[in-house]
Amino acid sequence: MIAGDVGAALERHVEFPEPNVPRLSVDVDDEVSSVPEEAARLLRKHWDVKAGPVGHLVRLAENNGVVVVFSPAQTAAVDAYSFDDAYRPTIVLNPAKEDYYRQRFDVAHELGHLVMHVDAEPGSRVVENQAHRFAAELLLPEDELRDLLPSKADWRTLAALKETYGVSLQALLYRSRSLGVMSDVTYRNAIAYLSSKGWRRREPGEMPAVEQPSLYPKAVEILSGVGMDETSLAKEARVTPGLFRTVTARVPVREELFVEPQSVESRLRPEEHAIPLFRGKEQPGA
C-alpha cells in the first residue's frame with residue numbers, strides 16, 4: 001500500500017511510536033455477545049483513556065503507532081477503511097468528508113476493525129455492526145451515558161451531549177435506543193424529524209474542523225529542517241510527489257495529478273540513528 005511505502009521511507013530517518021493496538025478477536029457471525037463493547041473497553045484501558053469524552057481521537061491513535069492518512073481524491077469510494085499489513089495498522093480517511101462528528105465515528109469504527117477483525121474480511125453486515133457497536137462504546141461508554149441520554153427527543157440535551165462527546169445527533173439517538181433508554185417508536189420519530197429538517201445530511205450548529213493527522217506531516221517537517229525535501233523523500237518511497245503530498249498532508253488534498261507509483265521492493269525498519277518523532281508523551285487532546 002502507498003501509505004506503507006511512504007511510512008517505510010520516513011521511518012528510515014524518523015522514529016515513530018511503536019504500534020500499540022490490543023487484539024480481541026470476535027466471531028464474524030456473532031450478533032449477540034458483548035465482545036465488541038468489551039473490545040472498546042479494552043482499548044480505552046490499554047491506551048489509558050480517562051473517564052469522560054475522548055479527546056483528539058486521531059492524535060490518540062497516532063500516539064499509539066496507528067497511521068492515519070487521507071486517501072487520494074480520485075480513489076475515495078468509502079468513508080474510511082483500515083488494514084494492518086506488514087508495516088503498521090493504518091486508517092485511511094475520505095478527503096471529501098468534512099463532518100467533524102462523523103469523521104470521529106469513522107475513526108472509532110476503523111479502530112474497532114483493527115482490534116477485532118485483523119483476520120476477518122470486512123464488509124459483511126455483522127462485521128460492520130460489530131465495529132459500529134465498538135465505536136459507540138468507545139466514544140459513548142454505557143456506564144457514563146446511560147443516565148445522561150434522554151428517553152425522549154430532547155434536542156437541547158442531545159445538542160449539549162453532541163458538543164461534549166464529539167458525536168452526531170444521529171449517533172446519540174442510536175446509542176439511546178441501543179441501550180434501551182429510548183423506545184424504538186421514539187427513535188424512529190426522532191430520525192423522521194431529523195430527515196424533515198434536512199439534518200441527516202447536515203446537522204445544526206457550528207462544524208469544527210475535522211481532526212488532522214500529524215504523524216507523517218510532522219516527520220516531513222522534521223526532515224525538511226535537516227535538508228531532506230519532499231521530492232527526494234517521494235523518490236525514496238517510490239511514489240510520485242503528488243501522491244507523497246497527499247499521504248503526508250495534515251488536511252485533505254482535493255485534487256492531485258499523479259501516475260501509477262512503482263512498487264516498493266522492501267519495507268525497511270527504522271535505523272538506529274532515526275530521529276524520535278515525539279519527544280516525551282504527547283497528549284491526545286493536543
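Nothing here was measured: the structure is a model prediction, and the numbers come from that model. For reference, positions follow the sequence shown, starting with 1.
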[atom1]/[X] to [atom2]/[Y] distance, rounded to the nearest 0.5 angstrom?
| X | Y | atom1 | atom2 | result |
| --- | --- | --- | --- | --- |
| Glu110 | Leu57 | CD | CG | 11.5 Å |
| Lys152 | Ser183 | NZ | OG | 6.0 Å |
| Glu230 | Leu223 | CD | CG | 11.0 Å |
| Glu221 | Arg250 | CD | CZ | 4.5 Å |
| Trp155 | Trp199 | CH2 | CH2 | 6.0 Å |
| Ser214 | Asn63 | OG | CG | 7.5 Å |

Using every non-hydrogen atom in the two residues, find where [X] and [Y] come nearest and quote the distance to one decimal.
| X | Y | answer |
| --- | --- | --- |
| Leu60 | Trp47 | CG-CE3, 3.6 Å |
| Val181 | Leu149 | CG1-O, 3.4 Å |
| Phe16 | Ala219 | CE2-CB, 3.7 Å |
| Gln212 | Val58 | O-CG1, 3.8 Å |
| Pro89 | Asp84 | N-OD1, 3.3 Å |
| Ser33 | Arg133 | O-NH2, 2.5 Å |

In terms of hydrophobic clusters joined by side-chain contacts under 4.5 Å, are [X] and [Y] together?
| X | Y | result |
| --- | --- | --- |
| Val220 | Val67 | yes |
| Val226 | Phe244 | yes |
| Leu179 | Tyr187 | yes |
| Ile91 | Val127 | no |
| Val118 | Val35 | no |

Quick check against the 3.5 Å criterion: does [X] have a side-chain atom that pairs as donor or acceptor with the backbone of [Y]?
| X | Y | value |
| --- | --- | --- |
| Gln130 | Asp27 | yes |
| Asp30 | Val32 | yes |
| Gln170 | Arg102 | no |
| Arg88 | Gly65 | yes |
| Glu62 | Leu215 | yes |
| Tyr216 | Ala3 | yes |
| Arg23 | Leu114 | yes |
| Ser195 | Ile191 | yes |
| Thr164 | Leu161 | no |

- Task: Dump the intermediate steps for side-chain contact (heavy atoms from CB on, under 4.5 Å) on Val210 and Lys97, then the final yes or no.
- Result: CA-CA 9 Å; Val210 296; Lys97 195 162 189 178; over 6 Å; no

- Message: Ala39: which residues meet the side chain to side chain contact (heavy atoms under 4.5 Å, CB included) condition with it, sequence neighbours left out?
- Response: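 Result, side chain to side chain contact (heavy atoms under 4.5 Å, CB included) vs Ala39: Leu24, Val115, Met116, Phe134.
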
- Query: Listed by chain and number, what are the salt bridge (charged side-chain N to carboxylate O under 4.0 Å, His left out) partners of Glu128, not counting sequence neighbours?
  - Reply: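 Salt bridge (charged side-chain N to carboxylate O under 4.0 Å, His left out) check on Glu128 returns nothing, list empty.
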
Do [X] and [Y] come within less than 4.5 Å of each other through their side chains, counting heavy atoms only?
| X | Y | result |
| --- | --- | --- |
| Leu138 | Arg44 | yes |
| Ser71 | Pro95 | yes |
| Glu18 | Asn20 | no |
| Leu243 | Pro72 | yes |
| Lys162 | Leu158 | no |
| Leu43 | Pro22 | yes |
| Ser151 | Thr186 | no |
| Ile2 | Thr246 | no |

- Starting from Val126, walk the hydrophobic network (Ile, Leu, Val, Met, Phe, Trp, Tyr; side-chain heavy atoms closer than 4.5 Å) and list everyone else you reach, by chain and number.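 Traced through the cluster, Val126 reaches no other member.
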
- Other cluster members, Met207 - Ile/Leu/Val/Met/Phe/Trp/Tyr, side-chain contacts below 4.5 Å: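 Noted: Met207 shares its cluster with Tyr100, Tyr101.
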
- So, Asp229 versus Ser232: side-chain donor-acceptor pair below 3.5 Å or not?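 Side chains of Asp229 and Ser232: pair found under 3.5 Å.
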
- Message: Quick test of your reading of the model: are Arg125 and Glu31 salt-bridged, counting only N-O distances below 4.0 Å?
- Response: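 A salt bridge is present here (some side-chain N lies under 4.0 Å from a carboxylate O).
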
- Task: For the pair Asp106 and Arg104, find out whether any cationic side-chain nitrogen is under 4.0 Å from an anionic carboxylate oxygen.
- Result: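 Here Asp106 does not pair with Arg104 in a salt bridge, since their nearest N and O are not under 4.0 Å apart.
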
- Stepwise side-chain contact (heavy atoms from CB on, under 4.5 Å) check, Leu233 with His13: CA-CA 10 Å; Leu233 290 169; His13 312 285; 4.3 Å; yes

- Residue from Glu37, Glu144, Glu137 passing salt bridge (Lys or Arg N to Asp or Glu O under 4.0 Å) with Arg175: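 Testing each of Glu37, Glu144, Glu137 against Arg175, the sole residue satisfying salt bridge (Lys or Arg N to Asp or Glu O under 4.0 Å) is Glu137.
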
- Item | Qualifying ring-ring contact (aromatic ring centres under 6.0 Å, His included) pairs, either residue in residues 164-185, two or more places apart |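 Passing the test, one end in residues 164-185: His132-Tyr174.
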
- Decide side-chain contact (heavy atoms from CB on, under 4.5 Å) for Asn64 and Val21; before the verdict, give the C-alpha distance in whole Å, the side-chain angles of both, and the deciding distance to 0.1 Å. CA-CA 7 Å; Asn64 286 280; Val21 178; 5.8 Å; no

- Message: Please enumerate all residues that pass ring-ring contact (aromatic ring centres under 6.0 Å, His included) together with His117, with sequence neighbours excluded.
- Response: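 Counting only residues at least two positions away or on another chain, His117 forms a ring-ring contact (aromatic ring centres under 6.0 Å, His included) with His113.
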
- Item | Neighbour count >12 (heavy atoms, 6.0 Å) for atom CG, Asp147 |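 Check fails, neighbour count at 12 or below.
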
